[in-house]
Amino acid sequence: MRASVREADGNLRTGTGAEIGSVARLLSLGRAELTLIGRNKSALFTSLVIPVAMALAMKQAVAGMPLARAGLSPETVLLPATLGYVLVFAVYSGLTGAYVARREELVLKRLRTGELRDLEILVGTALPAVFLGLAQCVLLVVLGGLVLDTGLPTAPHLLIAGLALGMVTVVGCAAASSRLAGSAEAAQLAVLPFMAVSLAGSGMVVPLDVLPDRVAGVLELLPLSPAMELIRAGWTGGGTTHDTVRQLLTGLAWSGLALFAVQRWFRWEPRR
Amino acid sequence: MNIGEKSAGGARHSGAWSDADVIDVTGLRRAYGGGRTRPDRNPRGRNEQGRSERGGRVRPGGRPGFEAVRGIDFSVARGELFALLGTNGAGKTSTLELLEGLAAPTAGQVRVLGHDPFRERARIRPRIGVMLQEGGFPSDLTPEETARMWAGCTTGARPVAEALRRVGLERRKDVRVKQLSGGERRRLDLALALLGDPEVLFLDEPTTGLDTEARHETWALVRELRDSGATVVLTTHYLEEAEELADRLAILHEGRIAAAGRVADVVAAHPSHLSFELPDGYHLGDLPPLAELGVTGHETAGRTVRLRTDELQRAATGVLVWAQEKGIALGRLDVRPASLEEAFLQIAKGLEKA
């Protein structure tokens, strides 16, 4: 392959057609980032253990909620919530820290001197975290189906749509949040607002269906609410088509907003 | 694979481009802290005379900005090695970042390989190599992993092992980057900049932090690249480095080019110096008429006399013959020909205006 970059006498560089491809670049960066995740054992442990630990801690509280009226069970609350914890703790929080660390180490600036496009740098850095997060979710869904009464999802397309939407949202929000922190330590504080809002208001701890309509109507508009509703719909079958479309649109709007914020305000270099 | 033959011919990079300037900079300015491009500036850049001294460093937002690059022009021809020389804070890195397309100029125009490096970044990236002043590498990767990642993102990259060997890092390839010395990190950075055999190479202080031996090895490498047809722009605050490597150089001072040209031209534009102490009872007026000695200027401080001249031999002979005739001894006699160092020091002290 590479030999074709030059002609046989080694004299000529051919045109842009011989350039290394976008996918190759992404995989290359993603691989390095995966190595880095593997080297940060404590962070890896946290992101693997916290979601399950949170779910176990919430078990008692959820059991006491008036779920039956809303057509839910403790399992259809806890399992989707665990996937939500994966999105928030493993992907969002870890990735915000990664963006900040790479920026402060001047890695992002150095990468921009190379052939990677800006979007590729952001996506490539996110790839392993997203991949690990999805693997965790698949494992949880399968294990949940085997161990709990919920069984396997009856509407997997809604679950997949919810997860995809959630991933895009948390990656975008992580990149946007990185702007708020000047160091890896500060990043642990910068993630708190989004975390608190998502845990409390997006139906992870308390399902929106259990809340008064007026409150739920507002909370539905939070960034991770549509993803959580869709994920839960994977087991419950969800509401009307109208509901699903509204959730998708809200989710896409947040993803778009996050992308806009990143494009506008993302910081590639440490503050001078 | 013909990778081994890559550096085969000096004509490697020649082609339709050979006569064009690879880098062309006009009226370049860069300001920090004040927000976005000033609408009142002509983005094409004009001749800077007449507005370089214009005040108004206050930005439209009301916050005072700092202008690191204040209107510079230069061009670099294909295959040339051009050095930007200056003290810390002279604007070297700020200028280089504009050439690399990492930032957009506040005013003026940059062309690299015929393209705007900021707006058309993707077009020039496969053809340039960059070494930043400070390497940006994840501290928990090894040099080999770093180079492998970089190779995966670089068109026509050399094999990783060869790239590391080239800068003498093959023995350290499995050590974490955070455990490398400053000099080793510089060499890793250089290895990555060279990975794709770039046509144009930007090196920001490539030998800072290197020991003497490593510095000479880096010089040899840079010269080898230049000889194989690459165009190199480097910044340095080592005069020796500029003298050793540069075909042409520009001395930056406070964001402006204070002197530019071949080393010999820059040196020739500056006078030589002759200084000595007169014994008690003698004064400057006792010397032969200074103009006849080819002296163009003088300073005195106590008994010390310092003469400037473009004809050092004539001036020195005149003074020494005079001293012999009078039978006096000149203390602290110092005869100093013009050198890049002298030129640089004078510029750095702000003794000269651009």
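Lettering follows sequence order; numbering is per chain, from 1.
For the atom pair CG (B/D140) and CD (A/E105), the distance works out to 7.5 Å, reported to the nearest 0.5 Å. One finds the CG atom of A/L106 at 7.5 Å from the CG atom of B/L132 (value rounded to the nearest 0.5 Å). Note that CZ of A/R25 and SG of B/C153 are 7.5 Å apart. Values are rounded to the nearest 0.5 Å. Rounding to the nearest 0.5 Å places CG of B/D189 at 8.0 Å from OG1 of A/T113.
In this structure, B/E134 places its CD atom where only 12 or fewer heavy-atom neighbours from other residues, nucleotides or ligands lie under 6.0 Å away. Few gaps surround CZ on B/R176; more than 12 heavy atoms of other groups in view lie less than 6.0 Å from it.
Taking every heavy atom of both residues into account, B/R121 and A/L116 meet most closely at NH2-O, 3.5 Å. Looking at every heavy atom in both residues, B/W150 comes nearest to A/R110 through CH2-O, 3.0 Å. Among all heavy-atom pairs drawn from B/P126 and A/E115, the shortest one is CA-OE2, 3.5 Å. Nearest heavy-atom pair, A/T35 versus B/E145, reported as atom, atom and distance to 0.1 Å: CG2-OE2, 3.8 Å. Residues B/P138 and A/L36 approach most closely at CB-CD1, 3.6 Å, considering heavy atoms.
Proximity to chain B (any heavy atom under 4.5 Å) is shown, for A/R117, by both the backbone and the side chain. Looking at A/L27, there are no atoms closer than 4.5 Å to chain B (heavy atoms on both sides), in backbone or side chain.
Taking a cutoff of 4.0 Å between a charged side-chain nitrogen and a carboxylate oxygen, A/R112 and B/E97 do not qualify as a salt bridge.
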